[in-house]
S.K.: 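I'd like to ask some things about the structure below.
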Number of protein chains: 2
Amino acid sequence: MSENKYLSIYNDLLSKIEKGIFKPGMKIPSENQLVEQYETSRETIRKALNLLSEHGYIQKIKGKGSIVLDVRKFDFPISGLISFKELAQKLGKPSRTIVEQLEMVKPDEVLKKHLHVTAREDIWKVVRVREIEGERIILDKDFFNKKFVPFLSKDICARSIYEYLEKELQLKISFAKKEFFVEECTEEDRMYLNLKQYTHVVVVRNYVYLDDASLFQYTESRHRLDKFRFVDFARRIHLH
Amino acid sequence: MSENKYLSIYNDLLSKIEKGIFKPGMKIPSENQLVEQYETSRETIRKALNLLSEHGYIQKIKGKGSIVLDVRKFDFPISGLISFKELAQKLGKPSRTIVEQLEMVKPDEVLKKHLHVTAREDIWKVVRVREIEGERIILDKDFFNKKFVPFLSKDICARSIYEYLEKELQLKISFAKKEFFVEECTEEDRMYLNLKQYTHVVVVRNYVYLDDASLFQYTESRHRLDKFRFVDFARRIHLH
DNA sequence: CACACAAACTTGTATATACAAGTTTGTGTG
DNA sequence: CACACAAACTTGTATATACAAGTTTGTGTG
């Protein structure tokens, strides 16, 4: 609790939207009403509302008010920057993580480029399979710079690496760049996944950065074609 | 010009980043220095900087300053909410739009669902092929509610529909929900595109909304597998 | 009744101030 | 010299005020 006023108002309003107390199409209380409800200033309310707007939960209309949107329904993996565990919890489907590899490696040319490291640095390599409703759908290959993550265990990898990084190691994960494209599947894909007849996989490359803009993780997430789905929300900037 | 102070500062700083006057890894001037340069208040500067940060151009670090990121390099289509014409200009590759169909239709079941319209309403249907470097790569199927777009011509479709909608019709395009997935290619895909041996296409569904949260356009964009690439930037929210 | 228009609402922008909480710099003590 | 620590910077949060610019409501005039 405490800590941050506008974030806690954001969370409170968000949970009211998710619980359906504020329904899609409905107006939420005006800024001035919220000022009274939360006993705070209008600027603080506006910070919370602007966050909701950026994330696609409400639409603010000048002179009228803010209405709840319903475009924000989740489908499949990775909307925004959340971990597989957080996602699995939201989806509510039976899912399981299998740790196939966990080892310390020296970077090859590809990794040196992706992780911005020299040949002498140590890298954690984690290979995990995500099983959803009994099928091996996603192959996750994570690479962490040992400088930031001195220790890892199979147990941690099976639960949630992000939880460990943020709660135990106190790393502040801040932002990520993602790339999506389609690639022919490799021997490794065929070995670890239930690929059926598909000849291609959807590849999601993830570059994850800390608070101070240092790159600490590179992830390649390889999805079976038919199970891949990504949902995005975007606002248009008008320049005038 | 004029109009909006913090947006014009945002644009000015953005162009300095894109031109390389502020280089990746470099610190930009502090908020107080920018206050003096632009002769404005700190809150106005902060609005501009927060926009840059949300869009992935800078990283703000408490106590230190703001540094320029280089994660924002464009790759292929549709990062954020921009039109094909705007994108083609940024990419600088020879590209061309071919209008294959332009007609007024009544919605079928699928369209009724996607566009939230009744069977009696009129819908503009536009089918366009995007040719890049001589190859027919993307099939765009756009559907506009006639209520919002009374008139369309082949000429407008070949240039930029968005430019027409925003400049001529004064529609205020505000936000969009996108869905990505992979699908088996159809007869239509094979007819209009150079599909080579590929058996699947990447489908991008786009629901585009106006200022007042009314849905006015549904688009299905079908991309040849090997040419599809999407780049995304995401920030993690920390709740505390 | 029809209509104009003021009044009361809504959100948007700009400014100013105060203090909290990080990081850097430099002074001065031992 | 090494070190502690204050001073001067940085960004982050919270509050208050003023006015602009939309929309809705309701009053009152003709």
Side-chain angles (χ1 to χ4, degrees), chain A residues 1-13 26-54 57-69 170-172 174-175 210-214 235 237-240, chain B residues 1-13 26-54 57-69 170-172 174-175 210-214 235 237-240:
Chain A
M1 266 266 88
S2 70
E3 278 279 60
N4 201 318
K5 218 163 184 172
Y6 79 87
L7 269 182
S8 74
I9 294 171
Y10 166 82
N11 280 313
D12 195 57
L13 294 171
M26 214 178 111
K27 265 204 193 112
I28 65 172
S30 76
E31 293 177 356
N32 286 320
Q33 286 171 318
L34 292 172
V35 163
E36 286 198 6
Q37 279 181 37
Y38 290 100
E39 291 175 318
T40 183
S41 67
R42 193 173 149 230
E43 279 303 313
T44 300
I45 294 293
R46 284 179 59 77
K47 274 192 189 177
L49 293 185
N50 283 331
L51 263 187
L52 287 170
S53 165
E54 281 156 30
Y57 294 106
I58 64 171
Q59 177 75 350
K60 311 189 80 190
I61 305 173
K62 194 180 190 173
K64 297 182 88 167
S66 298
I67 62 176
V68 179
L69 300 178
Q170 300 282 326
L171 291 179
K172 281 173 190 160
S174 179
F175 63 92
L210 299 178
D211 227 10
D212 61 351
S214 56
R235 287 198 173 271
I237 274 207
H238 293 95
L239 302 181
H240 278 269
Chain B
M1 262 268 84
S2 70
E3 277 280 61
N4 201 317
K5 218 163 183 174
Y6 77 88
L7 269 182
S8 76
I9 294 172
Y10 166 83
N11 279 313
D12 196 57
L13 293 172
M26 214 177 111
K27 267 203 192 111
I28 65 172
S30 75
E31 293 177 356
N32 287 318
Q33 287 171 319
L34 292 172
V35 163
E36 288 200 3
Q37 279 181 37
Y38 289 99
E39 291 174 320
T40 183
S41 67
R42 194 173 147 229
E43 280 304 312
T44 300
I45 294 294
R46 284 178 60 74
K47 275 192 186 174
L49 293 185
N50 284 332
L51 263 187
L52 287 170
S53 165
E54 281 155 30
Y57 295 106
I58 64 171
Q59 175 75 351
K60 309 189 78 187
I61 306 174
K62 194 180 188 173
K64 297 183 86 168
S66 299
I67 61 176
V68 179
L69 300 178
Q170 299 283 326
L171 291 179
K172 281 173 191 163
S174 179
F175 62 93
L210 298 179
D211 227 10
D212 61 352
S214 56
R235 287 198 174 270
I237 274 208
H238 293 94
L239 303 181
H240 280 269

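Protein chains get the first letters and strands the later ones, always in sequence-line order, with residue 1 at the start of each.
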S.K.: Out of curiosity, A:Thr44 OG1 to A:Tyr38 OH, how far, rounded to the nearest 0.5 Å?
M.R.: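 A:Thr44 OG1 to A:Tyr38 OH: 12.5 Å, rounded to 0.5 Å.
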S.K.: Any luck finding a side-chain donor-acceptor pair between B:Asp212 and B:Ser214 under 3.5 Å?
M.R.: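 Side chains of B:Asp212 and B:Ser214: pair found under 3.5 Å.
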S.K.: Return yes when atom CD of B:Gln37 has more than 12 non-hydrogen atoms of other residues, nucleotides or ligands closer than 6.0 Å, and no otherwise.
M.R.: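 Yes, CD of B:Gln37 has more than 12 neighbouring heavy atoms, counting only those of other groups under 6.0 Å.
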S.K.: Using whole Å, report how far NZ of B:Lys62 lies from P of C:dT24.
M.R.: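 From B:Lys62 NZ to C:dT24 P: 14 Å.
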S.K.: Which distance, rounded to the nearest 0.5 Å, do you find between the CG of A:Leu210 and the CG of A:Leu171?
M.R.: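 CG of A:Leu171 is found 5.5 Å from CG of A:Leu210.
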S.K.: Quickly work out the B:Asp212 CG to C:dT11 C1' distance and round it to whole Å.
M.R.: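 Atom-to-atom, B:Asp212 to C:dT11, this comes out as 15 Å.
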S.K.: Choose from D:dG22, D:dT24, D:dA14 the nucleotide whose nearest atom is closest to any side-chain atom of A:Lys64.
M.R.: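 Selected nucleotide (nearest to the side chain): D:dT24.
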S.K.: What is the distance, rounded to the nearest whole Å, between atom NZ of A:Lys60 and atom P of D:dA21?
M.R.: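 After rounding, the gap between these two atoms is 18 Å.
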S.K.: Please tell me which of A:Thr40 and B:Pro29 maps to the more 5' nucleotide of DNA chain D, matching each residue to the nucleotide holding its nearest heavy atom.
M.R.: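 It is B:Pro29 whose nearest nucleotide is closer to the 5' end.
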S.K.: Provide the closest heavy-atom pair for B:Arg235 versus B:Leu69 in the form atom of the first, atom of the second, distance.
M.R.: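 Looking at all heavy atoms of both residues, the shortest contact is NH2-CD1, 4.5 Å.
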S.K.: What does A:Leu49 touch in the nucleic acid at a heavy-atom separation under 4.0 angstrom: a base, only the sugar-phosphate, or nothing?
M.R.: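 Here A:Leu49 touches no strand at all.
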S.K.: Starting from C1' on D:dT13, measure out to OH on A:Tyr10 and report it in whole angstrom.
M.R.: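 To the nearest whole Å, that distance equals 18 Å.
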S.K.: Does D:dC9 have a Watson-Crick or wobble partner in any strand here, with both distances under 3.5 angstrom, and which is it?
M.R.: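 In the structure as shown, D:dC9 has C:dG22 as its Watson-Crick or wobble partner.
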S.K.: By nearest atom, which of the nucleotides D:dA14, D:dT15, C:dG12 is closest to the A:Glu43 side chain?
M.R.: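 From the listed options, D:dT15 comes nearest.
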S.K.: A:Arg46 has a side chain; which of C:dT11, D:dT13, C:dA14 sits nearest to it?
M.R.: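 Looking only at heavy atoms from C-beta outward on A:Arg46, the closest nucleotide is C:dT11.
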S.K.: Looking only at side-chain N and O atoms, does B:Tyr6 come under 4.0 Å of OP1 or OP2 in C:dA14?
M.R.: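 For B:Tyr6, the contact criterion (side-chain N or O under 4.0 Å from OP1 or OP2 of C:dA14) is not met.
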S.K.: Using whole Å, report how far CG of A:Leu7 lies from P of D:dA14.
M.R.: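 Answer to the nearest Å: 8 Å.
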S.K.: Can a side chain N or O of A:Lys5 be found less than 4.0 Å away from OP1 or OP2 on D:dG12?
M.R.: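 Answer no for this pair, as no side-chain N or O of A:Lys5 is under 4.0 Å from OP1 or OP2.
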S.K.: Applying the Watson-Crick and G-U wobble criteria at under 3.5 Å, what pairs with C:dA14? Answer none if nothing qualifies.
M.R.: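 Paired with D:dT17.
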S.K.: Out of curiosity, B:Lys172 NZ to A:Ile61 CD1, how far, rounded to the nearest 0.5 Å?
M.R.: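 Answer rounded to 0.5 Å: 12.0 Å.
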S.K.: Could you tell me the separation between the CD1 atom of A:Ile67 and the C1' atom of C:dT11, rounded to a whole number of Å?
M.R.: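 Spelled out: CD1 on A:Ile67 to C1' on C:dT11 is 14 Å.
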S.K.: For B:Ile61 and D:dG12, what is the distance between atoms CD1 and P respectively, to the nearest whole Å?
M.R.: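 Going from CD1 in B:Ile61 over to P in D:dG12 covers 10 Å.
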S.K.: In this structure, how many angstroms lie between the C1' atom of C:dG12 and the CG atom of B:Asn50, rounded?
M.R.: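 The distance from CG of B:Asn50 to C1' of C:dG12 comes to 16 Å, rounded to the nearest Å.
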S.K.: Is D:dT27 paired to anything, Watson-Crick or G-U wobble with both distances less than 3.5 Å, and if yes, which nucleotide?
M.R.: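 The base-pairing partner of D:dT27, which may sit in any strand shown, is C:dA4.
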S.K.: Starting at NZ of B:Lys47, measure out to OG1 of B:Thr40 and round the result to the nearest 0.5 Å.
M.R.: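 Those atoms lie 10.0 Å apart.
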S.K.: Using the side-chain heavy atoms of A:Asn4, tell me which of these nucleotides is nearest: C:dG12, C:dT13, D:dA14.
M.R.: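 That would be D:dA14.
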S.K.: Please answer whether the main-chain N or O of B:Ser8 pairs with a side-chain N or O of B:Asp12 as donor and acceptor at a distance below 3.5 Å.
M.R.: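 Flag not set: sc B:Asp12 to bb B:Ser8 has no pair under 3.5 Å.
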S.K.: Mapping B:Ser66 and A:Arg42 to their closest nucleotides on DNA chain D, which lands nearer the 5' end?
M.R.: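 That would be B:Ser66.
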S.K.: Output a table of nitrogen or oxygen pairs between the protein and nucleotides 7-9 of chain C separated by less than 3.5 Å.
M.R.:
none

S.K.: Side chain of B:Glu31 only, please: which of C:dA14, D:dT10, D:dT11 is the nearest?
M.R.: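 Of all the options, the side chain of B:Glu31 is nearest to D:dT11.
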